[in-house]
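For clarity, every value in this text was computed on a predicted model and none was experimentally measured.
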Amino acid sequence: MEQKELEFFRGTLNQMLDDILQKGQETIEDMTESGETYADPADRATAESDRAFTLRLRDRERKLIKKIQNAIQRIDDGDFGVCHSCGDDISSARLKARPVTTLCIACKSKQEEDERNRGD
């Protein structure tokens, strides 16, 4: 992969990381500032449900942070864009859609098919 492409993906990954960290900080601020009391139990339940949903999203993003950091490390190590299963190059279109991927589309499709067959 050319240096120009690697820098593009590094920038994309760093922007993704910055966005996630910003959302996390905003969530912390919103939850610490929110000292609302609810007279209606339904309003309280709705607020708690919304808060739980937001926390689930942030947990998924926390896991994505690790994948982003690993992808940046692969750029540094020189094996970014190489399928960990078959060793072929991962297409640029796939990397643009999912820059943290470690599998080419063929290997990912096979993995998903295997998961369906096992019932995962």
Side-chain angles (χ1 to χ4, degrees):
M1 186 172 291
E2 294 180 20
Q3 188 64 32
K4 184 177 178 181
E5 286 180 300
L6 290 173
E7 290 307 316
F8 168 79
F9 288 116
R10 182 186 303 275
T12 300
L13 290 163
N14 283 323
Q15 184 61 49
M16 288 172 65
L17 188 58
D18 291 344
D19 291 346
I20 291 170
L21 295 175
Q22 178 65 32
K23 287 179 192 175
Q25 188 61 38
E26 290 171 4
T27 299
I28 291 170
E29 291 170 6
D30 288 346
M31 289 189 170
T32 56
E33 291 174 0
S34 177
E36 298 181 37
T37 56
Y38 300 98
D40 184 9
D43 289 341
R44 180 178 176 94
T46 299
E48 288 180 9
S49 175
D50 290 347
R51 193 174 357 233
F53 180 72
T54 299
L55 289 173
R56 280 193 309 270
L57 287 175
R58 296 303 162 253
D59 186 53
R60 289 179 61 112
E61 289 174 346
R62 178 186 57 81
K63 293 173 185 173
L64 182 58
I65 286 172
K66 291 178 183 178
K67 291 180 181 181
I68 292 170
Q69 291 169 335
N70 288 338
I72 292 170
Q73 186 61 48
R74 287 193 309 276
I75 290 173
D76 293 340
D77 294 343
D79 66 344
F80 180 80
V82 177
C83 179
H84 285 187
S85 181
C86 69
D88 288 345
D89 288 342
I90 300 172
S91 72
S92 185
R94 175 150 171 76
L95 289 169
K96 286 178 183 174
R98 183 85 172 144
V100 297
T101 190
T102 59
L103 299 174
C104 67
I105 195 70
C107 290
K108 183 63 177 174
S109 296
K110 183 179 180 334
Q111 179 190 53
E112 290 173 353
E113 181 65 28
D114 292 344
E115 288 171 358
R116 271 193 299 275
N117 291 336
R118 286 192 315 261
D120 290 350

- Got a sec, which residues hit side-chain hydrogen bond (donor to acceptor under 3.5 Å, both in side chains) with Asp88, two or more places apart in sequence or on another chain? none
- Item | Test item: Val100 and Asn70 side chains (from C-beta on) under 4.5 Å apart, heavy atoms | no
- Message: My understanding is that only residues two or more places apart in sequence, or in another chain, count here; which of them pass side-chain hydrogen bond (donor to acceptor under 3.5 Å, both in side chains) with Asn14?
- Response: none
- Do NZ/NE/NH1/NH2 and the carboxylate oxygens of Asp76 and Arg10 come within less than 4.0 Å? yes
- Message: Under the criterion side chain to side chain contact (heavy atoms under 4.5 Å, CB included), I'd like the reasoning laid out for Cys104 against Ser85: C-alpha separation, chi angles, the key distance, then a yes or no.
- Response: CA-CA 8 Å; Cys104 67; Ser85 181; over 6 Å; no
- Item | Distance (rounded to the nearest 0.5 Å) between Ile68 CD1 and Met16 CE | 4.0 Å
- Sequence neighbours excluded, which residues qualify as side-chain hydrogen bond (donor to acceptor under 3.5 Å, both in side chains) partners of Glu112? none
Distance-only check: which donor-acceptor pairs under 3.5 Å involve side-chain atoms of residues 90-97, not counting sequence neighbours?
| unit_1 | atom_1 | unit_2 | atom_2 | d |
| --- | --- | --- | --- | --- |
| Ser91 | OG | Arg94 | N | 3.2 |
| Arg94 | NE | Leu103 | O | 2.8 |
| Arg94 | NH2 | Thr101 | OG1 | 2.9 |
| Arg94 | NH2 | Leu103 | O | 3.4 |

- Note on the structure: The reported gap from CD in Gln25 to CG in Asp30 (rounded to nearest 0.5 angstrom) is 10.0 Å
- Exam field: side chain Ser49 to backbone Ala45, donor-acceptor pair closer than 3.5 Å: no
- Query: CD of Glu7 to CD of Glu2: how many Å apart, nearest 0.5 Å?
  - Reply: 12.5 Å
- Message: With a 4.5 Å cut-off on side-chain heavy-atom distances among I, L, V, M, F, W and Y, is there a chain of contacts connecting Phe80 to Leu17?
- Response: yes
- To the nearest 0.5 Å, tell me how far Phe8 CZ sits from Gln3 CD. 14.5 Å
- Pairing residues for Asp40 by the side-chain hydrogen bond (donor to acceptor under 3.5 Å, both in side chains) criterion, not counting sequence neighbours: none
Do any side-chain atoms of residues 52-65 form donor-acceptor pairs under 3.5 angstrom with protein atoms, and if so which ones, sequence neighbours left out?
| unit_1 | atom_1 | unit_2 | atom_2 | d |
| --- | --- | --- | --- | --- |
| Thr54 | OG1 | Asp50 | O | 3.0 |
| Arg58 | NE | Thr27 | OG1 | 2.8 |
| Arg58 | NH1 | Glu61 | OE1 | 2.9 |
| Arg58 | NH1 | Glu61 | OE2 | 3.3 |
| Asp59 | OD1 | Arg62 | NE | 3.0 |
| Asp59 | OD1 | Arg62 | NH2 | 2.6 |

- Query: Distance from Ile72 atom CD1 to Gln69 atom CD, nearest 0.5 Å?
  - Reply: 7.0 Å
- Less than 4.0 Å between a side-chain N and a carboxylate O, is that true for Glu113 and Lys110? no
- Smallest separation among heavy atoms of Cys86 and Cys83, with atom names: N-SG, 3.5 Å
- Item | Path from Leu13 to Val82 over hydrophobic side-chain contacts below 4.5 Å | no
- side-chain hydrogen bond (donor to acceptor under 3.5 Å, both in side chains) assessment of Asp18 paired with Gln22: CA-CA 6 Å; Asp18 291 344; Gln22 178 65 32; over 6 Å; no
